[in-house]
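Note sheet for the following structure.
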Amino acid sequence: MRAGNHLTLILQNIISAMGYSLPAKLTVEPPKDKSFGDLAVNCAMLLAKEAGLPPRALAEDIATRLRAASPDIANVAVAGPGFLNITFSPTFWQENIAIVEKAGSCFGTAAATGKKVQVEFVSANPTGPLHIGHGRGAAVGDSLCRILTAAGHTVSAEYYINDAGKQMRTLGKSIWLRALALTGKSDAPFPEDCYQGSYIIDSARALLSQNPQLTESPEAEGIDACYAYGMRTIFAGIKQDLADFDVQNQEDFSELSLTHSGAVERALAQLEQAGHTFIEGGAFWFRTTPLGDDKDRVLRKSDGSLTYFASDIAYHANKYERGFDHVIDVWGADHHGYIPRMRAAITALGRQQSDFDVVLVQLVNLLRDGEQIAMSTRAGQFETLSDVLKEVGADAARFMFLSRKSDSKLDFDLALVKQRTMDNPVYYVQYAHARIQAVWRRAAERNLNIDAHTSLACLTQEEELDLLRMLDRFPQVVNDAAANLAPHYISYYLMDLAGLLHRYYAAHSILGGDDAELMVARLRLLRAVGYVLRNGLNLLGVSAPETM
RNA sequence: GCGCCAGUAGCCCAGCUGGAUAGAGCAACAGGCUACGAACCUGUAGGUCGGAGGUUCGAAUCCUUCCUGGCGCACCA
């Protein structure tokens with residue numbers, strides 16, 4: 001990051017002195033092979049194209065100017081079709097330690113952008129406990145919040161409760177029927193369209209012990225009581241599961257509050273005024289096809305009731321009314337067909353497409369020793385998130401969820417996630433952090449004077465420079481993860497950084513020699529690596545342990 | 001039928017806003033604890049990036065088409 005910015009600035013001066021402007025598609029990145037140098041840049045090829053000159057000669061020219069440009073640049077080589085491979089001086093890299101030390105837990109955090117971002121995730125109907133798939137959504141949503149915050153945005157996390165729909169009435173009915181059966185009021189078979197899980201029976205039993213007269217009530221009243229009780233207790237359980245999963249600061253937003261406040265009617269009126277609606281077959285429609293959807297959508301059914309889509313439009317309108325510049329929804333990938341109509345609504349609400357993003361999270365296959373465990377809330381057979389967390393721990397579960405692109409399916413093998421092997425790299429990364437802490441504990445016993453002004457010039461081993469270069473990349477990785485809404489960028493970076501640390505540790509003794517200055521410099525390097533490991537793990541919501 | 005996602009080493013996956021000889025890990029094989037934590041490290045081997053066309057100086061990456069797998073295509077939520 002620092003190296004890249006530094007180089008870009010120097011290049012800008014050189015290229016403008018040559019009478020050109022810096023190509024927009026310029027890339028500055030680590031070269032394919034580190035023996036080439038520290039950074040590779042393709043500016044000569046891009047310029048050659050623009051100027052109609054041979055790239056090789058242009059590259060040689062720029063290289064000559066680069067060599068003279070800054071004492072930080074130790075070497076410039078021209079390679080292949082016109083790449084410039086730049087090597088910085090060790091001094092330049094060694095300065096990274098002081099930079100990381102100064103920033104501490106803020107290293108990797110960008111300056112405030114003033115942009116307000118909202119991330120909505122999980123938002124499961126409170127009709128049953130969270131399962132493993134919700135866990136993935138929670139990990140992705142929460143981690144995105146942490147990453148976007150680090151990228152300088154002002155971020156809010158939200159959980160949308162669909163408490164206005166049919167599924168919640170079904171929940172009430174399910175508990176009611178179980179209560180009737182428990183009190184011997186009915187021996188009818190339990191309907192298939194009701195929730196089958198044993199937690200429904202538990203819920204009915206608990207409610208009956210609170211209110212033994214429940215089943216004496218008229219049906220409508222009884223179902224209402226069951227609904228209210230079930231909703232409240234199940235939702236409390238969900239929030240507890242999310243808290244156990246280290247989900248931070250997520251606020252709840254009720255669908256009912258929208259319908260009650262008249263927000264849905266207002267949103268529909270807004271669409272109607274803008275000419276996006278029509279009436280057909282007794283229903284009120286939103287003409288989404290001109291806005292990229294493949295068919296028009298009903299907002300108010302011919303029986304007068306509203307569709308889910310109608311309140312969802314109102315909900316998103318509400319988000320923008322609350323001042324969010326960028327709205328991000330984390331959805332299960334089975335809802336991907338819903339994206340075009342939601343995008344149509346965003347346009348109709350007068351917002352830019354770039355103000356809205358959907359992060360799709362593919363379903364999770366829960367396995368045990370390679371064998372699939374079936375999951376379905378309705379059929380009542382599933383392993384809950386809470387069971388999984390008890391078995392494997394939140395850290396391992398989160399890292400597993402976040403070490404894969406969110407939009408690709410994931411096998412979550414309970415046996416594997418408990419293993420401490422590289423198939424399960426959370427421990428590899430955490431171990432690197434714990435190892436650093438262990439060395440520092442040893443160092444503390446020796447009463448060393450760790451003076452921040454000691455020289456770092458002795459850090460010239462290849463493994464040391466590798467670590468220093470890697471530290472420098474962290475802010476850029478955070479930035480890229482935020483821009484691409486991709487938490488797994490962080491995971492892969494951390495695995496790489498941990499790998500370099502373990503390699504270094506195996507190759508060089510930190511406390512072994514009698515050169516005190518070298519010892520201190522190495523301790524400082526390790527500490528800087530430790531900070532970055534901790535900061536990165538924190539972006540994933542995974543702990544950075546002192547010991548393991 | 002239409003749409004979205006995926007197909008990269010024996011396995012699990014990165015890389016995809018075009019750049020150099022396609023990368024980790026696991027498994028396999030050969031090594032390394034009298035050093036600060038071996039939950040670790042070193043080395044070897046392993047590939048027509050699903051197939052075929054195209055775009056250009058250059059394609060795993062972009063376009064077209066086909067094959068395979070997953071998921072969607074409601075006046076459900």
Side-chain angles (χ1 to χ4, degrees), chain A residues 25 27 29 31-33 36 40-42 45-46 48-49 54-55 79-83 85 125 127 162 164-170 255 280-285 293-312 332-340 360 362-363 365 403-405 407-411 413 416 419-432 434-443 445-446 480 483-484 486 488-489 491-493 495-496 498-499 501-513 519 522-523 526 547-548:
Chain A
K25 298 178 97 175
T27 59
E29 52 195 14
K32 277 280 177 197
D33 188 317
F36 295 165
V41 63
N42 63 349
M45 276 180 291
L46 295 171
K49 201 168 193 173
F83 284 97
N85 290 319
N125 279 347
T127 57
N162 299 126
K166 194 168 76 179
Q167 292 189 13
M168 296 312 298
R169 290 197 295 278
T170 304
E255 181 184 6
E280 189 178 292
F284 182 67
W285 294 70
D293 199 3
D294 55 353
K295 55 185 81 162
D296 296 327
R297 306 293 172 177
V298 170
L299 296 174
R300 191 193 308 283
K301 299 177 237 174
S302 52
D303 69 2
S305 63
L306 294 166
T307 60
Y308 175 83
F309 185 39
S311 62
D312 219 10
D334 53 339
H335 290 84
H336 70 261
Y338 197 76
I339 295 175
L360 290 178
Q362 285 283 355
L363 301 183
N365 275 324
S403 56
R404 207 126 305 175
K405 247 184 328 193
D407 192 14
S408 69
K409 66 181 164 66
L410 171 69
D411 287 340
D413 193 315
L416 185 86
Q419 278 176 24
R420 300 190 281 193
T421 68
M422 258 308 267
D423 277 330
N424 188 27
V426 62
Y427 296 113
Y428 185 76
V429 177
Q430 288 186 319
Y431 183 47
R435 241 182 175 173
I436 290 168
Q437 306 314 314
V439 175
W440 267 79
R441 281 193 296 273
R442 283 304 186 106
E445 295 163 6
R446 302 194 186 185
D480 290 348
N484 293 291
H488 74 282
Y489 285 19
S491 316
Y492 278 88
Y493 171 82
M495 289 186 254
D496 287 343
L501 184 278
H502 288 310
R503 201 163 306 149
Y504 177 50
Y505 182 93
H508 301 283
S509 171
I510 311 301
L511 303 173
M519 199 180 294
R522 287 182 165 175
L523 281 167
L526 249 58
T547 60
M548 290 174 72

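Note that the structure is predicted; figures quoted are calculated from it, not measured. We name chains A, B, ... by the order of the sequence lines, and we start the count at 1 in each one.
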Counting side-chain heavy atoms from CB outward, which of [options] is closest to [X]?
X	options	value
A/Asn85	B/A74, B/A20, B/G37	B/A20
A/Arg503	B/A77, B/U42, B/A20	B/U42
A/Ser509	B/A20, B/C76, B/C36	B/C36
A/Ala79	B/A39, B/C71, B/A20	B/A20
A/Asp334	B/A20, B/C13, B/C71	B/C71
A/Lys295	B/A39, B/A74, B/C40	B/A74
A/Tyr338	B/G37, B/C16, B/A77	B/A77
A/Tyr431	B/C40, B/C75, B/C73	B/C40
A/Tyr505	B/C36, B/A20, B/A39	B/C36
A/Arg404	B/A39, B/A20, B/C12	B/C12

Nearest-angstrom distance, [atom1] atom, [N] to [M]:
N	M	atom1	result
B/C76	B/U65	C1'	36 Å
B/A59	B/U17	C1'	14 Å
B/A9	B/G23	P	14 Å
B/A60	B/C66	P	23 Å
B/A20	B/G58	P	14 Å
B/G3	B/G18	P	25 Å
B/A24	B/C62	P	23 Å
B/G31	B/A45	C1'	15 Å

Taking the side chain as every heavy atom from C-beta outward, state whether [X] and [Y] have any pair of such atoms under 4.5 Å apart.
X	Y	result
A/Tyr504	A/Ile510	yes
A/Leu511	A/Arg446	yes
A/Asp296	A/Glu280	no
A/Leu416	A/Asp411	no

A/Gly165 or A/Lys409, whichever maps to the more 5' nucleotide of RNA chain B: A/Lys409
Pairwise 5' ranking along RNA chain B for A/Thr307 and A/Leu46, keeping only the more 5' one: A/Leu46
For atom [atom1] of [X] and atom [atom2] of [N], their distance in whole Å:
X	N	atom1	atom2	result
A/His502	B/C41	NE2	C1'	10 Å
A/Asp296	B/C73	CG	P	17 Å
A/Arg297	B/A77	CZ	P	13 Å
A/Glu29	B/G23	CD	P	14 Å
A/Met495	B/G15	CE	P	11 Å
A/Lys25	B/G58	NZ	P	15 Å
A/Leu511	B/G37	CG	C1'	12 Å
A/Arg169	B/A77	CZ	P	9 Å

A/Lys409 side, atom NZ; A/Arg404 side, atom CZ - distance, nearest 0.5 Å: 10.5 Å
Which pair of heavy atoms, one from [X] and one from [Y], lies closest together, and at what distance?
X	Y	answer
A/Gly499	A/Tyr428	CA-OH, 3.0 Å
A/Phe309	A/Val298	CD2-O, 4.5 Å
A/Ala79	A/Asn85	CB-ND2, 3.5 Å

Protein-nucleotides 2-7 of chain B N/O pairs closer than 3.5 Å?
| residue | atom | partner | partner atom | Å |
| --- | --- | --- | --- | --- |
| B/G3 | N2 | A/His336 | NE2 | 2.4 |
| B/C5 | O2' | A/Asp407 | O | 3.3 |

Over all strands shown, is [X] touching base, sugar-phosphate only, or nothing at heavy-atom distances under 4.0 angstrom?
X	value
A/Ser305	nothing
A/Tyr489	sugar-phosphate
A/Ala443	nothing
A/Phe284	nothing
A/His335	base
A/Gly281	base
A/Pro425	nothing

Is [X] close enough to [N] that one of its side-chain N or O atoms is under 4.0 Å from OP1 or OP2 there?
X	N	value
A/Tyr428	B/G37	no
A/Arg435	B/A38	yes
A/Lys32	B/G15	no

When both hydrogen-bonding distances must be under 3.5 Å and the geometry is Watson-Crick or G-U wobble, what is [N] paired with, if anything?
N	result
B/A6	B/U68
B/A28	B/U44
B/A39	none
B/C73	B/G1
B/G23	B/C13
B/G53	B/C63

Side-chain donor-acceptor contact under 3.5 Å, A/Thr127 with A/Gln167: no
Determine yes or no for a side-chain-to-main-chain donor-acceptor pair under 3.5 angstrom, with [X] supplying the side chain and [Y] the backbone.
X	Y	result
A/Arg522	A/Ser509	yes
A/Asp293	A/Pro340	no
A/Thr307	A/Arg300	no

Distance-only donor-acceptor test, A/Ser302 side-chain atoms vs B/C75 base atoms, 3.5 Å: yes
